[in-house]
Amino acid sequence: MDPFVRRLVERLHDPSRPLSRNRHFHTFDTPEGRMALKVFRRLRSLQQDILACHKEGRRARISRQVNPEGDHRIELWMERVAGRRVSMLQPAEYELLARLPGVRDALEILDEAA
């Protein structure tokens, strides 16, 4: 992941140092800015689903498989919707997801070999 994109995603998730998309519209009008918003929204959506399962007392389980290219296949089972959500994340995106508040504690993490 591009270091600039990573910093933007981290700033968007940081409640103590909010980064206003309206005030910094020129930053988000670049390819890197659009990529940061896309990653931010996807990680925020995953976080919300994981925390909702945990809050309802249901299990959210994540299975991580790493393919030869180094991409992580994240499979999220959510009992609350009787289904699963599958996301392909880059290693840096996986790290960012795990650092979001409450995510690591709410997940049952199953690491599997590629």
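- At least one side-chain heavy atom of H13 sits less than 4.5 Å from a side-chain heavy atom of L100.
- Expressed to the nearest 0.5 Å, how far CD1 of I50 lies from CD of Q48 amounts to 10.5 Å.
- Within the 4.5 Å cutoff, the side chain of R7 has heavy atoms near those of the P3 side chain.
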Carefully, step by step, assess E10 and R99 under the rule side-chain contact (heavy atoms from CB on, under 4.5 Å). CA-CA 10 Å; E10 289 171 341; R99 288 178 33 199; 3.3 Å; yes
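- With hydrogens and angles ignored, the 3.5 Å screen pairs no side-chain donor or acceptor of Q47 with any backbone N or O of L97.
- Contact detail for L51 and A106: the closest heavy-atom pair is CD2-CB, 4.3 Å.
- Taking the side chain as every heavy atom from C-beta outward, D2 and M35 never approach each other to under 4.5 Å.
- In this structure, L37 and L8 have side chains that are not in contact, with every pair of non-hydrogen atoms separated by 4.5 Å or more.
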R6 vs E93, test: salt bridge (Lys or Arg N to Asp or Glu O under 4.0 Å). Steps then yes/no. CA-CA 8 Å; R6 184 183 179 105; E93 293 172 331; over 6 Å; no
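- Heavy atoms of other residues, nucleotides or ligands lying less than 6.0 angstrom from CE of M1 number more than 12.
- Distance check, rounded to the nearest 0.5 Å: CG of L96 to CZ of F40 gives 11.5 Å.
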